[in-house]
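Throughout, a chain's letter reflects where its sequence line sits, starting with A, and its residues are numbered from 1.
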Amino acid sequence: MHEYLSGLNERQKQAVLHKDGPIMIVAGAGSGKTKVLTTRIAHLMAFHRVDAFNILALTFTNKAAREMKERIEKILGNADARNLYVGTFHSVFARILRGEAHRLGYPNSFTIYDTDDAKGVLKTVINEMNLDDKLYKPNVVYNRISSAKNALVNPAEYAVDYYIQQEDARSNRPAIAQIYDAYAKRCFKNGAMDFDDLLIKMYELLKNFPESLHKFQHKFKYILIDEYQDTNPAQYEVIKLLAAAHENVCVVGDDAQSIYSFRGATIQNILQFQKDYEDVTVIKLEQNYRSTQNILNVANEIISNNKNQIPKELWTENAEGEKIRLVRTMSDNEEGKFVADTIQEQKLRNHFSNRDFAILYRTNAQSRAFEESLRRMGIAYTMFGGVSFYSRKEIKDFVAYLRVVVNTRDEEALKRIINYPVRGIGKTTIDKCVLFANTHNISMWEVLEQAPRFGFKGGTLESIENFVVFIKGCQSMLQLKNAYEVAFHVGKQTNIVKELFNDKTTEGLQRYENVQELLNSIKEFTETPSNDDGEVGDKGLSAYLQQITLLTDADEKDPNADTVKLMTIHAAKGLEFPVVFAAGLEEMLFPNAMSINTREELEEERRLFYVVITRAKSKLWITYANSRYKFGQLVQNEPSRFIEEIPQQYLDRSFAGGGIRNQGTSFAQGSAFDRMRGFGASEQAEKLYGPPPSKRKDTVPAYVPPKSAPKVVEHKPSQDFVPSDTSNLQAGQKVEHQKFGFGTVSKMEGSTHNPVATVLFDLNGEKKIMLNYAKLRIVE
DNA sequence: GTAATTGCGCTTTTT
DNA sequence: GCGCAATTAC
């Protein structure tokens, strides 16, 4: 037998060796499910000689997909894995749809709307319908529509379903059905799909176009699905259609870790699976290889409080390990301080590296206190789940140009850029355009193209025409040049890059760098032979745009960096860390106030607690704060009810009552007031009396982030300043810069397309100058 | 048509 | 305490 099988236990081996027919693997936390999945795929390829092109593996995150592919490659020891279809539901379906979109009436270069775009469309639609946007908040409406889509409920069904209508009537939002309908039509008109559309359009494609169905059924002879407990009905139905021909479908999941029901995921899919296929092989993986006995005991104990679950017993041969430490602090800031102190202490005492620690919490808003204290202690950290690079304003603005070039029907993008940078096409004009577009049933772009016909004149007309000519120019350029060159052209012609470059505030500098990074990423994309989900393929702009909208924050950061990881529990699913801090175990926060109204909601919160516990390999801290700031105001919180569910014998409560008292160093650091009244008391007092004099002086130690860009010593460009041709610039030459003054080139680097000169300025020190954007006059 | 200032509502989790 | 939207002034 093959070498790769030797590291598997009996059940794992059974799961790997099962070749044809439906199989469900119920895999407890830490039971090696990724190993089983990857080995199974490798075995199909290496032993059964299944062609990589015929295997489809679906995951929930790009990260999981990438990791899976890497591991398969490693097992196989060759490049065959490259041709596998491994990716998220969304990215795989988007790719398929890009080839088939025309059948559904979409352009093949359809735009993908992220949540922001979708909410923007909703906002316009709600306004156009003259509905009150205080009542019909885009957020609320979006969630409602999204749930409908994930359950494959279309606008027509939504409008006639009695219970849905009752619910909407009761919440005083009876018009959601009409909004849903208008929204769907508008997205279609814009040639755009939102995240949910990627699933339901895929479903419609397979359902309504037999030739497509046949094609993909035939292509995907083996289908594997990770995190099956998190699939929603739309995903379920697509899988069912795809798998109908061969029925070689392998699902892996753990009902105890189902934490996405808010997104329409349903445990029913696991139960239903056994009914949909005859003769399903079910394999339970119950041996945990990750955590200590103590951690696992607590996890088992917690989850046993849930009624609805598939019976299983998770066990381990690992050592008993330490008790779980329970820590109470006075405030959220103290909690942050405690965690940072403890990390520091553990690093020294047990030789841990930064990468061994994770701080996991219920909501993203909790990250702040941890960030601050880690920064103060000089501990490197990575926060996952902040604003994604691609959702930064400057990036979205820039990308909007590319979106319009690729798909002029994309009204959201068009509105975003039509007056950015300011070109004299203001709100009135835009409103008019939208109105004309709606009344004539054409796109906004078509209105712009025929601007004179709609009565635009004078400066406005001229601006519109210039804009149209510019976009058309980019489009024809796209025929001949690659994505990077078009993007570069946009940056240059619109002056966006230059404008950002001239903004010398810290934020401006950052924005400039971000746009540079965007350009680099486009360049990299065009130059890399194969893209992430395998097929050597489309290097076009629309493929790039698709990729970046489906990329999440987690995909942009290096998970292997030697840093403490900060993220929500949701984001931590599937990961493991030697030391875990489960933070904010308070009523109203965890379980969250939004999720304590039904048994189902509460059980999902409990599963979330189960997930956070089972992330820990050897050490686990559970922390909570007496009070924390919730948008400006201090709120008191009770300890989480989940804490009471932990059996005493697994707990070390020695810190629980006294805040950080036992941590040695900290007690002495507390102020007298703090020591008398309890840790954190002075923070509350500060609210009443203002900061003490000692605090008003700058006593913040060590790391102080630069508040503003280093001062530039003003330089008045010479009268005869004419930018030179710098294509042959060499180190050693003397140059003049409009702002920085005179200097000497010390180094030339960067590529031919994007040369960068390092210049030592006489007055302003060393600067890196991008020759494509900055103008230099060669002096000698 | 644009730039600056105030005000309001928001935070649950994500592809 | 922040980001977006409406209001106001230019």
Extract all donor-acceptor atom pairs below 3.5 Å that involve side chains of residues 198-206 of chain A and protein atoms in other chains or at least two apart in sequence.
| residue | atom | partner | partner atom | Å |
| --- | --- | --- | --- | --- |
| K201(A) | NZ | E204(A) | OE1 | 3.4 |

With a 4.0 Å cut-off on heavy atoms, is [X] in touch with a base, just the backbone sugar-phosphate, or nothing at all?
X: G385(A); answer: nothing
X: N419(A); answer: sugar-phosphate
X: D114(A); answer: nothing
X: K137(A); answer: sugar-phosphate
X: F60(A); answer: sugar-phosphate
X: T428(A); answer: sugar-phosphate

The first and last nucleotides of DNA chain B lying within contact of chain A, meaning any atom under 4.0 Å from one of its heavy atoms, run from dG1(B) to dT15(B)

Please list every donor-acceptor pair under 3.5 Å in which a side-chain atom of residues 418-426 of chain A meets a protein atom from a residue at least two apart or in another chain.
| residue | atom | partner | partner atom | Å |
| --- | --- | --- | --- | --- |
| N419(A) | OD1 | R423(A) | N | 2.8 |
| N419(A) | OD1 | G424(A) | N | 3.2 |
| N419(A) | OD1 | I425(A) | N | 3.2 |
| N419(A) | ND2 | I425(A) | O | 3.3 |
| R423(A) | NH1 | I417(A) | O | 2.8 |
| R423(A) | NH1 | I418(A) | O | 2.8 |
| R423(A) | NH2 | Y401(A) | OH | 2.8 |

For V468(A), give me all partners under side-chain contact (heavy atoms from CB on, under 4.5 Å), at least two apart in sequence or on another chain. W445(A), L448(A), E449(A), I464(A), K472(A)

May I ask you to test the L97(A)-L104(A) pair for a side-chain heavy-atom distance under 4.5 Å? yes

So which of E587(A), E601(A), E604(A), R362(A) actually passes side chain to side chain contact (heavy atoms under 4.5 Å, CB included) with N592(A)? R362(A)

Step through the shown structure and confirm whether more than 12 heavy atoms of other residues, nucleotides or ligands are within 6.0 Å of CD on E128(A). yes

Using atom names, set out every protein N or O paired with an N or O of nucleotides 1-6 of chain C below 3.5 Å, distance rounded to 0.1 Å.
| residue | atom | partner | partner atom | Å |
| --- | --- | --- | --- | --- |
| dA5(C) | OP1 | K123(A) | NZ | 2.4 |

Can you name the residues that form a salt bridge (Lys or Arg N to Asp or Glu O under 4.0 Å) with [X], not counting sequence neighbours?
X: R263(A); value: none
X: K119(A); value: none
X: E167(A); value: R144(A)
X: E227(A); value: K33(A), K573(A)

Return the 5'-most residue of the pair R423(A), L550(A) with respect to DNA chain B, ranking by each residue's nearest nucleotide. R423(A)

Closest nucleotide of DNA chain B for V422(A) versus for Y142(A): which of these residues is on the 5' side? V422(A)

Provide the full list of salt bridge (charged side-chain N to carboxylate O under 4.0 Å, His left out) pairs with a residue in residues 623-633 of chain A, sequence neighbours left out, each pair given once. E335(A)-R628(A), E586(A)-R628(A)

Begin with the C-alpha distance, continue with both residues' side-chain angles, and end with the deciding distance and a verdict on side chain to side chain contact (heavy atoms under 4.5 Å, CB included) for F89(A) and T231(A). CA-CA 9 Å; F89(A) 280 88; T231(A) 50; 3.8 Å; yes

F631(A) vs Y629(A), ring pair (Phe, Tyr, Trp, His ring centres under 6.0 Å): CA-CA, chis, key distance, verdict: CA-CA 6 Å; F631(A) 75 115; Y629(A) 282 95; over 10 Å; no

Output row for DNA chain C, stems defined as at least 3 consecutive Watson-Crick or G-U pairs under 3.5 Å, is B:1-9 with C:2-10

In numerical order, the residues of residues 595-608 of chain A whose heavy atoms come under 4.0 Å of DNA chain B are S595(A)

